[in-house]
Amino acid sequence: MASNFMDRFRFNTENAPDVFYIQNFKKKPTETFREYATRWRSEAAKVRLALEEAQMNKFFIRAQDPQYYESLMVIENHKFSDIIKLGERMEEGIKSEIVTNFEVLQDTNKAM
């Protein structure tokens, strides 16, 4: 019975995400930073040869857009929850236009 189970579901174990996949796992335009971080973390948990917290933080920060990356890389050695809190503050700052959104700035520069 165990071998039947493994034969049937082997696809799930053979196609587990790798580090390259989670490094390139980007935020959807419609989701909040917290939703993205939760989705990213659940995908990272599926990586074969489970990642340590420090590795997970490093790969999560590398997956960020430039406006988040520069600020988050400073706290790479903190808890994942601290990274989420700072990301949410930055997201709120971008929405309220206190923090500059580099994507909009680049688009404006290209248009000029």
Side-chain angles (χ1 to χ4, degrees):
M1 184 156 66
S3 64
N4 286 341
F5 177 83
M6 285 307 294
D7 289 339
R8 177 171 242 177
F9 295 103
R10 187 176 320 275
F11 175 80
N12 291 337
T13 59
E14 291 172 353
N15 289 320
D18 60 4
V19 174
F20 181 74
Y21 171 75
I22 62 168
Q23 274 185 292
N24 295 307
F25 200 75
K26 298 294 181 188
K27 181 179 172 288
K28 295 177 183 176
T30 58
E31 66 187 345
T32 66
F33 189 84
R34 179 174 289 276
E35 291 169 339
Y36 164 66
T38 304
R39 188 170 59 92
W40 187 94
R41 182 79 183 237
S42 69
E43 288 296 315
K46 297 175 189 176
V47 172
R48 294 188 82 171
L49 301 174
L51 299 171
E52 295 178 8
E53 183 82 15
Q55 290 175 309
M56 199 174 300
N57 291 352
K58 181 172 77 173
F59 291 131
F60 178 71
I61 291 171
R62 283 184 184 173
Q64 300 308 306
D65 292 330
Q67 66 217 28
Y68 291 97
Y69 178 80
E70 287 187 29
S71 298
L72 293 177
M73 67 184 253
V74 176
I75 65 165
E76 184 176 288
N77 297 323
H78 288 70
K79 294 178 185 175
F80 194 77
S81 59
D82 293 337
I83 294 171
I84 293 173
K85 289 175 188 174
L86 180 57
E88 287 180 317
R89 287 187 199 140
M90 292 174 62
E91 181 179 53
E92 187 59 38
I94 290 168
K95 286 179 183 175
S96 62
E97 298 180 356
I98 295 171
V99 175
T100 304
N101 185 339
F102 290 113
E103 292 173 357
V104 173
L105 189 60
Q106 286 176 345
D107 292 342
T108 304
N109 286 339
K110 286 179 184 177
M112 294 177 133

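In this text, all values refer to a predicted model and were calculated from it rather than measured experimentally.
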Locate the shortest heavy-atom distance separating [X] from [Y]; write the atom from each residue and the value.
X	Y	result
Met90	Tyr68	CE-CA, 3.3 Å
Glu53	Lys79	OE2-C, 4.4 Å
Ile22	Trp40	O-NE1, 2.8 Å
Arg39	Glu31	NH2-OE2, 2.6 Å
Glu76	Ile83	O-CD1, 4.4 Å
Lys26	Ala63	NZ-O, 2.9 Å

Before giving the answer on ring-ring contact (aromatic ring centres under 6.0 Å, His included), spell out for Tyr36 and Phe60 the whole-Å C-alpha distance, their side-chain angles and the decisive distance to 0.1 Å. CA-CA 10 Å; Tyr36 164 66; Phe60 178 71; 5.6 Å; yes
Supply the atom-to-atom distance [X] [atom1] to [Y] [atom2], rounded to the nearest 0.5 angstrom.
X	Y	atom1	atom2	result
Ile84	Leu72	CD1	CG	10.5 Å
Ile75	Phe80	CD1	CZ	10.5 Å
Thr32	Glu88	OG1	CD	6.5 Å
Lys58	Asn77	NZ	CG	10.5 Å

Criterion salt bridge (Lys or Arg N to Asp or Glu O under 4.0 Å) on Arg89 and Glu92, from CA distance to verdict
CA-CA 5 Å; Arg89 287 187 199 140; Glu92 187 59 38; over 6 Å; no
Assess the residue pair His78 and Lys85 against the criterion (side-chain contact (heavy atoms from CB on, under 4.5 Å)); give the C-alpha distance rounded to whole Å, side-chain angles, the decisive distance to 0.1 Å, and a yes or no.
CA-CA 11 Å; His78 288 70; Lys85 289 175 188 174; over 6 Å; no
Check your understanding: Taking C-beta and beyond as the side chain, do Phe33 and Gln64 meet within less than 4.5 Å on heavy atoms?
Key ->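 Result yes, sub-4.5 Å side-chain heavy-atom pair found.
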